[in-house]
Student: 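So that we are looking at the same thing, I have put the structure below in structure tokens.
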Amino acid sequence: MARHLITSAIPYINGIKHLGNLIGSQLPADLFARYMRARGHEVLFLCATDEHGTPAELAAAKAGKQVAEYCAEMHAVQAEIARGFRLSFDHFGRSSSPQNHALTQHFAGRLDDAGLINEISEKQVYSHADGRFLPDRYIEGTCPNCGYDKARGDQCENCTKQLDPTDLIDPRSAVSGSTDLEVRETKHLYLRQSELKDQLDAWIDSKSDWPVLTTSIAKKWLHDGDGLRDRGITRDLDWGIPVRKGTEDWPGMEGKVFYVWFDAPIEYIACAGEWAAANGLSDADWQRWWRTDMGASDVRYTQFMGKDNVPFHTLSFPATLIGSGEPWKMVDHLKSFNYLNYDGGQFSTSQGRGIFMDQALELLPADYWRWWLLSHAPESSDAEFTWENFQSSVNKDLADVLGNFISRITKFCRSKFGEVVPGGGAYGPEETAVIADVAERCARYGALMEAMEVRKSAQELRAIWVSGNEYLQSVAPWTTFKSDPDKAAMQTRLGLNLAHLYAVLSAPFLPDASAAILKSLQVDEAVWPEDMNEFLSQLKPDQAFVVPEVLFAKVTDEDREAWQARFSGVRQS
RNA sequence: GGCGUUAUAGCUCAGUUGGUUAGAGCGAACGACUCAUAAUCGUUAGGUCCCUGGUUCAAGUCCAGGUAACGCCA
């Protein structure tokens, strides 16, 4: 038994995520976690909401709420939707947790002790009316380039020109509208990542089994231009983790908080602490996952993320861990995904384009989405969601190949032998052949799952479903029954055992359908097949079962057209 | 403008370190079956592997140049 620590990139608190976000990290991470648990490994699967930063403040203000209140509500909403998609987090934490406050401050202190923090004075805009410094995005004014009067201090949305707040004509606060602004000196902390460049470089070089996409992005950041740049890790905001040096005050940094990119990845660790606290466990219980001096040296740590997050996971976060000089568990394998596009363009949270997680669940149960998304995961390049493709994949794979198999075998059995597993002698040569075929495919499926080859795993799983249909078609128990009912009984028994196999193998992809099949076969516990001969004889003669409800109803043309129309524009609410 | 990724059957995609007749699923045509959600199974037809040049006994695969789409940065 191995120990697997699995984290998914943590979704930002600001609103409900779309299907592109889901397949970019949380869903494949869940697939991997479920598979590893099914194989009997010890798994800790963590995710959380990323709650700090300017967008959260803006969204809260727009909703007319305090930031803390807004974040608490949105965390509950996201947690509920995650449950809806059957994401099996051991804990769904919050980057605003007390654990993350303490740990982030701890890391900052350690980094400072190691001489890896610089204090730098810079000029920033202060708003007298708001009584605070304003981040670039909080300042609005007229774009000097195109004359657009709602340009932001970082960029003009109209002409896309990058700006400095001081470029704006008639600048005003986006918070209060006040024009009583002043440029002031303010001090910020910088993490001297450049000092750690060689260590990071060597560490990345040691990861020969990482995908090209991952290492090429990391190498580019390390070597392009001036190389790895030092980065500011503090901000003049109210909402966030107060800047402290461990448990001590940080002179000159009063009223400032850590920048979101610094504290968000630390939440991966803090989340384990939240998990322990929520389950009445001790510090040692989470530290054995994260501290190599406390038992984590045999942990295999895998991170899942979209490609836009790769630099943070390969450079910034490792810089924090290495720089601390403490024995923290570093990532072993890093699986990154490209983007999922929607009908010819990008999914977009800010523009409300595409299908959002809550809307998806209103249309169809989780298994449909899980199957389509995973079997079309954007692994080697960007992938495309179209309603036609979704309809045909889901109907063919789930309704016709898997669903219909379960239906035909259970109903055939009921009509000829009743709702019990029939006897009728031992398996013959045809059965031996199918069992061998399925065993071989199952081994391949396991290897692909182990390697996190998501699409190929889905293909192999589907091929295993097809084997059942092939078998039934070739031995035709409905024909056999006329001349040799005993033989037909035996063939039907294997068919039912195959249904059991499909329930177990499909569980990581289709947890609900899997549970439904097991329930109808009256199997209490799903156990992964080790010996296929043995497994496919587990359902014994005279064992009762119940014909299940239709597992997957088809998506009709009318459904598809209606949904296509409904999701053609941008989200209204 | 710079950089990156991609380009293979009507569609969605596989093609390991260059090695016989380039594969799968869907869709199409034909056939089989009738247990089943008009489901299933089989057979067949579809490809100048974006273009040009190069390296090699041998290139979808490596190199150079070009074209197109997308993305990131300026």
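To find a chain, count down the sequence lines: A is the first, B the second, and so on, and within it residues start at 1. Hydrogens, waters and symmetry mates play no part in the numbers below; they use all other heavy atoms, side chains included. Owing to the predicted nature of the structure, the values given are computational and were not obtained by experimental measurement.
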Student: Are the aromatic rings of Trp563(A) and Phe390(A) close, with centres under 6.0 Å apart?
Tutor: no
Student: Roughly, in whole Å, what's the span from CG in Asn338(A) to C1' in rA7(B)?
Tutor: 15 Å
Student: Could you give me the stems involving RNA chain B, meaning stretches of three or more consecutive Watson-Crick or G-U wobble pairs whose two defining distances are both below 3.5 Å?
Tutor: B:1-7 with B:67-73, B:10-13 with B:23-26, B:28-32 with B:40-44, B:50-54 with B:62-66
Student: Between Lys416(A) and Ser392(A), which residue's closest nucleotide on RNA chain B lies nearer the 5′ terminus?
Tutor: Ser392(A)
Student: Using the side chain to side chain donor-acceptor pair (under 3.5 Å) criterion, which residues pair with Asp557(A)? Sequence neighbours excluded.
Tutor: Gln391(A)
Student: Can you sort out which residues in residues 472-497 of chain A have a heavy atom within less than 4.0 Å of RNA chain B? Ascending by number, please.
Tutor: Gln473(A), Trp478(A)
Student: Quote, to the nearest angstrom, the C1' distance that separates rG46(B) from rC11(B).
Tutor: 13 Å
Student: Using the salt bridge (charged side-chain N to carboxylate O under 4.0 Å, His left out) criterion, which residues pair with Asp512(A)? Sequence neighbours excluded.
Tutor: Arg86(A)
Student: With a 3.5 Å cut-off and sequence neighbours excluded, list the donor-acceptor pairs that the side chains of residues 502-511 of chain A form with protein atoms.
Tutor:
from: Tyr502(A); atom 1: OH; to: Ile464(A); atom 2: O; distance (Å): 2.7
from: Tyr502(A); atom 1: OH; to: Gly468(A); atom 2: N; distance (Å): 3.0
from: Ser506(A); atom 1: OG; to: Trp465(A); atom 2: NE1; distance (Å): 3.1
from: Ser506(A); atom 1: OG; to: Tyr502(A); atom 2: O; distance (Å): 2.6

Student: Considering residues at least two apart in sequence or located in another chain, which fulfil the salt bridge (charged side-chain N to carboxylate O under 4.0 Å, His left out) criterion with Glu430(A)?
Tutor: none
Student: Please confirm whether the shortest side-chain N or O distance from Lys554(A) to OP1 or OP2 of rA38(B) is below 4.0 Å.
Tutor: no
Student: With a non-hydrogen cut-off below 4.0 angstrom, is Tyr339(A) in contact with a base, only sugar-phosphate, or nothing?
Tutor: nothing
Student: Does Tyr190(A) have any side chain to side chain donor-acceptor pair (under 3.5 Å) partners at least two apart in sequence or in another chain, and if so, which?
Tutor: Glu122(A)
Student: What is the distance, to the nearest angstrom, from the CG atom on Leu373(A) to the C1' atom on rC13(B)?
Tutor: 16 Å
Student: Please list, by residue number, the residues of residues 452-464 of chain A whose heavy atoms come closer than 4.0 Å to an atom of RNA chain B; answer none if no residue qualifies.
Tutor: Arg455(A), Lys456(A), Arg462(A)
Student: For residues 448-456 of chain A, dump all side-chain donor-acceptor pairs below 3.5 Å to protein atoms at least two apart in sequence or in another chain.
Tutor:
from: Arg455(A); atom 1: NE; to: Ala377(A); atom 2: O; distance (Å): 2.7
from: Arg455(A); atom 1: NH2; to: His376(A); atom 2: O; distance (Å): 3.2

Student: How would you list, by chain and number, every residue that makes a salt bridge (charged side-chain N to carboxylate O under 4.0 Å, His left out) with Arg441(A), sequence neighbours excluded?
Tutor: Asp437(A), Glu460(A)
Student: How close or far is atom C1' of rC33(B) from atom CZ of Phe412(A), stated in whole angstroms?
Tutor: 13 Å
Student: Strictly below 4.0 Å, heavy-atom distances to any atom of RNA chain B: list the hits from residues 394-411 of chain A, or just say none.
Tutor: Lys396(A), Ala399(A), Asp400(A), Gly403(A), Asn404(A), Ser407(A), Arg408(A), Lys411(A)
Student: Within 45 degrees of the ring normal and closer than 6.0 Å to the centroid, is that where the cationic atom of Lys335(A) sits relative to Phe337(A)?
Tutor: yes
Student: Give a yes or no on whether the ring-centroid distance for Tyr12(A) and His52(A) is below 6.0 angstrom.
Tutor: no
Student: Would you say the ring centroid of Phe385(A) lies under 6.0 angstrom from that of Phe567(A)?
Tutor: no
Student: For Asp50(A), check salt bridge (charged side-chain N to carboxylate O under 4.0 Å, His left out) against everything at least two apart and list the hits.
Tutor: none
Student: What distance separates Ile355(A) CD1 from Leu22(A) CG, expressed to the nearest 0.5 Å?
Tutor: 11.5 Å
